[in-house]
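Everything below concerns the one structure shown next.
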Amino acid sequence: MYRWSQLFIPTLRDAPADAEVASHKYLLRAGYMRQLAAGIYSYLFLGQRSMLKIANIVREEMDKIGQEFHLPALNSREVWEASGRWDLMGENMFRLKDRKGTDLCLAMTHEEVMTEIVRKDLRSYKQLPQIWYQIQTKFRDEPRPKAGLMRVRQFTMKDSYSFDIDEAGLDVSYKKHEQTYRRIFNRCGLKYIVVEAHSGAMGGSKSQEFMVHTEAGEDLVASCAKCGYAANLEKATSKLEPVDDLPAAGDGEPELVHTPDVKTIEDLSKFLTVSPKNNMKTLAYMAGWPPKDGEPAREQPVVAFLRGDHMLNEAKLAGVLPEAQVRPMQADEIEEFFGAPAGFLGPLALKGRKLRGVRGLVLVDAALKGRKNLVSGANKKDYHLKNVTPEVSFELDQWVDLRNVGAGEGCPECSQPLTVAKAVEIGHIFKLGRRYAQALGARVLDKDGKEVTPIMGSYGIGIERILTAAIEQNHDDQGFWLPPAIAPFQVVVTPISARDRAQMAASERIAGELASDGIDVMLDDRDERPGMKFKDADLVGIPFRINVGKKVTEDCVEVFERSTGQKRDVNIAAISSHVEALVRRSGI
RNA sequence: CGGGGCGUAGCGCAGCCUGGUAGCGCACCUGCCUUGGGCGCAGGGGGUCGGAGGUUCGAAUCCUCUCGCCCCGACCA
């Protein structure tokens with residue numbers, strides 16, 4: 001049996017100054033972990049115990065649909081070059097050389113390695129479908145690790161990969177994962193939502209994220225309380241209230257207006273007394289592609305037009321340009337391309353214009369479709385234009401959805417107002433397609449003896465994120481409490497006085513009995529004042545505490561529920577069944 | 001990578017501006033005391049002041065460089 005006096009649980013009275021969010025503070029204060037370097041942590045006894053519980057739940061559920069592998073974290077350059085990601089991943093990938101000078105990297109995910117196994121060892125459709133997974137350390141050289149375990153450079157991920165002969169098979173594998181993920185997160189005691197997600201730069205047809213709402217999250221999720229629609233802001237759409245267009249001024253042709261030093265939509269709207277909704281804003285970007293197949297890196301100017309009061313979502317913009325990274329144009333590039341400084345940029349005669357010999361792309365947000373007589377920049381310093389109508393006043397390359405959805409806008413499904421809230425991603429399921437299999441040359445023979453490329457899915461769960469999210473969801477100013485299924489211990493037995501023989505004897509007996517009933521219990525046998533033991537117990541995430549005090553003489557102990565603060569006197573004879581009921585109620 | 005901040009004992013901080021014996025609280029060790037919410041008293045240990053260089057009779061303090069960490073942004077399958 002675990003006795004607190006023998007364990008290393010370095011609790012802290014004060015939170016380290018570096019910690020900002022609740023989970024970060026409490027993981028440190030509760031002695032779950034210690035930091036080694038930016039985004040790199042050592043998990044101590046309690047932290048590791050909780051991580052193992054989470055991983056075991058994931059393993060148990062994944063074993064029902066797939067097979068566990070253990071793959072190398074150290075990968076050869078070859079496979080990553082074959083998939084094209086050696087270049088694509090850029091600075092985000094840790095790279096190193098061995099003594100012979102051979103390039104290696106630390107794997108961020110394992111599409112390549114898994115697909116390589118398929119290439120070498122799968123020959124026939126009869127061997128499909130396959131679902132392979134692993135629970136292992138992943139490495140990403142994040143530009144900015146933050147918020148404790150929320151965003152780190154070394155972390156534990158369950159990632160699985162499905163291989164099917166056709167789309168229908170992929171649908172099944174994908175669905176299996178969705179259901180498995182729901183079981184996993186339910187068992188972990190998390191409140192989560194499933195959202196439509198951006199499929200990312202790597203293509204792929206469908207993807208969903210499992211998100212936990214928390215202020216500490218880094219993602220934004222739009223959701224509808226009425227019909228359940230939920231989507232990552234990178235993907236979310238909404239219905240907009242109709243807007244009244246301005247009447248045509250003068251002859252209806254674009255008309256120059258002198259607007260000295262009026263550079264922002266806000267100023268312009270005031271200056272001309274028009275609503276921002278009748279403005280069209282111009283955003284200038286450069287899309288970049290890393291070197292590929294021996295070709296050098298390249299860049300293309302991209303101009304996006306949005307309604308004046310709308311915000312551009314860069315992920316949506318990047319989504320229009322496969323595998324590209326986008327960055328705002330720099331001042332000198334803007335001058336060169338538009339012939340005017342930022343603040344006066346507009347759409348006229350842009351299509352086909354080149355910057356450094358590369359033709360620019362003109363994109364207009366779908367919210368402007370059908371609008372007319374808008375105000376925009378004139379590509380001339382200190383001038384704007386009235387009467388600008390897309391496709392009439394200027395040519396464009398593409399109508400696309402580029403804007404951020406705003407809170408209160410209409411749900412795309414049912415028109416009710418949407419809410420937008422922060423969330424953290426704990427899992428992601430993703431129909432990948434044939435990209436990797438193709439790139440690595442994985443082929444199998446189908447029924448007709450024809451070579452076909454299997455179709456893949458990839459599915460991830462962040463183990464640390466589950467712990468982090470659980471703490472974010474369950475804490476107060478004294479500490480936190482974890483769902484019993486993932487707590488390092490489910491119960492701590494606390495004798496009020498370690499020197500009271502009767503109390504200690506009863507505590508030992510109770511702890512022993514609970515342990516033999518399969519409850520994860522520990523005994524706080526420290527010779528400390530009760531106040532201190534309570535404070536520690538409140539801090540470290542154990543959901544239930546049994547106080548063994550003076551009433552042992554009457555065979556009575558007190559059961560304390562951390563989440564509610566509720567205390568109940570229970571007869572020692574009934575303690576085991578009582579605790580079992582509490583623990584199972586919250587799902588073991 | 002841009003902006004901001006911080007590195008002094010395990011944790012939280014003061015000292016720096018105005019150079020002169022390195023401090024406080026908690027934690028830790030010893031003893032006594034205490035035992036239902038971080039108890040009290042007494043004694044004690046623990047520091048390359050992130051690192052290097054410079055200025056100075058003398059540097060935690062001033063200057064230069066450097067390393068690290070945190071926050072905002074950028075970035076993020």
Side-chain angles (χ1 to χ4, degrees), chain A residues 8 10-21 24-25 28-29 31 34-40 83 85 88-93 108-111 138 140-148 150-153 155 157 159 161 197-204 206-209 217-219 232 234-235 285 288 314-315 318-319 323 325-328 330 424-425 427-433 435-436 456-460 462 478-479 494-500 503-504 526-539 545 547-552 557-558 560 565 567 569:
Chain A
F8 180 60
T11 58
L12 300 173
R13 187 185 291 253
D14 302 301
D18 286 346
E20 201 85 353
V21 303
H24 188 192
K25 279 184 197 158
L28 291 170
R29 279 194 58 199
R34 287 295 183 261
Q35 181 172 32
L36 180 63
I40 304 176
S83 73
R85 294 208 297 177
L88 193 67
M89 283 309 173
E91 304 258 73
N92 265 356
M93 189 155 69
M108 311 170 70
T109 62
H110 279 84
E111 279 84 355
K138 295 285 191 285
R140 294 184 190 178
D141 193 0
E142 291 288 344
R144 189 153 96 77
K146 60 189 278 202
M150 199 78 87
R151 178 160 296 279
V152 285
R153 296 195 293 174
F155 58 99
M157 181 167 150
D159 50 329
Y161 305 90
H198 186 62
S199 289
M202 297 304 292
K206 180 172 171 83
S207 103
Q208 286 167 298
E209 289 166 340
E218 300 181 294
D219 288 333
N232 192 305
E234 294 177 350
K235 172 94 180 181
Y285 277 81
E314 287 191 8
E323 296 183 27
Q325 313 229 316
V326 297
R327 63 166 176 90
Q330 283 159 12
V424 58
E425 176 186 352
H428 195 164
I429 56 178
F430 193 21
K431 288 187 183 174
L432 252 192
R435 184 203 150 83
Y436 288 90
M456 287 176 69
S458 90
Y459 318 86
Q478 294 295 308
T494 307
I496 299 306
S497 169
R499 296 187 192 171
D500 183 305
Q503 290 183 21
M504 276 308 284
R526 293 175 298 170
D527 183 14
E528 295 286 354
R529 296 181 60 82
M532 219 215 81
K533 293 195 274 194
F534 293 164
K535 288 284 183 198
D536 267 351
D538 286 349
L539 175 64
R545 188 174 77 224
N547 298 327
V548 181
K550 290 205 177 74
K551 288 185 190 163
V552 273
V557 295
E558 184 179 72
F560 174 78
K567 292 176 186 165
D569 281 345

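Every chain is numbered from 1, with letters handed out A, B, ... down the list of sequences.
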| task | Consider only side-chain N and O atoms of A:Asp536 and A:Thr11, and report whether a donor and an acceptor are under 3.5 Å apart. | result | yes
| said: Let me confirm one number: the CD-CE distance from A:Glu425 to A:Met150, rounded to the nearest 0.5 Å. | reply: 12.0 Å
| field | Between B:rC6 and B:rA14 - C1' atom distance, rounded Å | value | 15 Å
| Partners passing side-chain contact (heavy atoms from CB on, under 4.5 Å) against A:Arg545 (at least two apart in sequence or in another chain) | A:Val492, A:Thr494, A:Phe534, A:Ala537, A:Asp538, A:Asn547, A:Phe560
| query | Using atom P of each nucleotide, how far apart are B:rC26 and B:rC71 to the nearest Å? | reply | 29 Å
| message | Rounding to an integer number of angstrom, what distance separates B:rC17 and B:rA60 when you compare their P atoms? | response | 12 Å
| When we call it a touch if two heavy atoms are under 4.0 Å apart, what does A:Pro495 touch: a base, just sugar-phosphate, or nothing? | nothing
| Note, A:Pro10 side chain near A:Arg34 side chain (heavy atom, < 4.5 Å) | yes
| said: So if I take every side-chain heavy atom of A:Asp527 and compare against B:rG37, B:rC69, B:rU35, which nucleotide ends up nearest? | reply: B:rU35
| Which nucleotide in the list B:rC69, B:rC26, B:rC13 gets nearest to the side chain of A:Ala17? | B:rC13
| query | Between A:Ser207 and A:Leu432, is any pair of side-chain heavy atoms under 4.5 Å apart? | reply | no
| said: Counting only side-chain nitrogens and oxygens, does A:Lys533 get under 4.0 Å of the OP1 or OP2 atom of B:rG37? | reply: no
| field | First of A:Arg499 and A:Gln35 reached from the 5' end of RNA chain B, by closest nucleotide | value | A:Arg499
| What integer number of Å spans the C1' atoms of B:rU48 and B:rG12? | 22 Å
| query | Which part of the nucleic acid, if any, lies within contact of A:Asn547, taking any heavy atom under 4.0 Å across all strands shown: a base, the sugar-phosphate backbone alone, or nothing? | reply | base
| field | Atom pair distance, as rounded to whole Å: CD1 in A:Ile40 and P in B:rG68 | value | 12 Å
| Any side-chain heavy atom of A:Lys138 sitting closer than 4.5 Å to one from A:Met108? | no
| Between A:Arg529 (CZ) and B:rA27 (P), how many Å, whole number? | 12 Å
| field | Distance between P atoms of B:rC72 and B:rC65 (Å, rounded) | value | 28 Å
| Of the listed nucleotides B:rC70, B:rG38, B:rG36, the one nearest the side chain of A:Lys535 | B:rG38
| said: For B:rC26, give the paired nucleotide (Watson-Crick: N1-N3 plus N6-O4 or O6-N4; G-U: N1-O2 and O6-N3; both under 3.5 Å), or none. | reply: B:rG10
| Nearest-Å distance once atom P is located in both B:rA22 and B:rG51 | 16 Å
| message | Tell me the interatomic distance from A:Met150, atom CE, to B:rC72, atom P, rounded to whole angstroms. | response | 11 Å
| said: Of the options B:rG12, B:rG38, B:rG37, whose atoms approach the side-chain atoms of A:Asp14 most closely? | reply: B:rG12
| task | Once you apply the 3.5 Å cut-off to both distances, tell me the Watson-Crick or G-U wobble partner of B:rG73, or none. | result | B:rC1
| request: Looking only at side-chain atoms of A:Ala37, point me to the closest of B:rC76, B:rC69, B:rG38. | output: B:rC69
| Which nucleotide sits closest to the side chain of A:Ala38: B:rA74, B:rC69, B:rC76? | B:rC69
| field | Listed nucleotide nearest any side-chain atom of A:Arg13, set B:rU35, B:rC11, B:rG38 | value | B:rG38
| Atom-to-atom span, CD of A:Glu528 to C1' of B:rU34 - whole angstrom | 12 Å
| task | Choose from B:rA74, B:rG38, B:rG36 the nucleotide whose nearest atom is closest to any side-chain atom of A:Glu314. | result | B:rA74
| request: Using heavy atoms to find the nearest nucleotide of RNA chain B for A:Leu12 and A:Glu558 separately, return the residue whose nucleotide is more 5′. | output: A:Leu12
| message | Using the P atom as the point on both nucleotides, what is the distance between B:rG25 and B:rC32, in whole Å? | response | 24 Å
| query | Over how many whole Å does the gap from A:Arg144 atom CZ to B:rC70 atom C1' extend? | reply | 8 Å
| task | For A:Glu20 and B:rG5, give me the distance from atom CD to atom P, rounded to whole Å. | result | 16 Å
| field | A:Arg153 CZ to B:rC69 P, straight-line distance once rounded to whole Å | value | 7 Å
| Has A:Gln478 got a side-chain N or O lying under 4.0 Å from the OP1 or OP2 atom of B:rG38? | no
| said: Using the salt bridge (charged side-chain N to carboxylate O under 4.0 Å, His left out) criterion, which residues pair with A:Lys25? Sequence neighbours excluded. | reply: none
| Reckon A:Thr109 touches a base, only the sugar-phosphate, or nothing at all at heavy-atom distances under 4.0 Å? | base
| request: Searching all strands shown, indicate the nucleotide that pairs with B:rU64 (Watson-Crick or G-U wobble; both distances under 3.5 Å). | output: B:rA52
| request: Describe the nucleic acid contact of A:Ala15 in one word from base, sugar-phosphate, nothing, applying a heavy-atom distance below 4.0 Å. | output: sugar-phosphate
| task | Give one of base, sugar-phosphate or nothing for A:Pro16, where a contact means two heavy atoms less than 4.0 Å apart. | result | sugar-phosphate
| Residue matched to B:rC41 through Watson-Crick or wobble contacts both under 3.5 angstrom | B:rG31
| 4.5 Å side-chain heavy-atom contact, A:Arg140 and A:Thr109 | yes
| field | Pairwise C1' distance for B:rA9 and B:rG5, with rounding to whole Å | value | 23 Å
| request: Give A:Ala147 one of three labels, base, sugar-phosphate or nothing, depending on what nucleic acid heavy atoms sit under 4.0 Å from its own. | output: sugar-phosphate
| When you measure from the side chain of A:Lys567, which nucleotide among B:rC76, B:rC75, B:rG37 comes out closest? | B:rG37
| query | Has the side chain of A:Arg545 got a donor or acceptor atom sitting under 3.5 Å from an opposite partner on the base of B:rG37? | reply | yes
| note | Between CD of A:Glu234 and P of B:rC76 the distance, given in whole Å, is 9 Å
| field | A:Glu218 bridged to A:Lys146 by N-O distance under 4.0 Å | value | yes
| task | Could you let me know what B:rC16 is paired to, Watson-Crick or G-U wobble, both distances under 3.5 Å, or none if it's on its own? | result | none
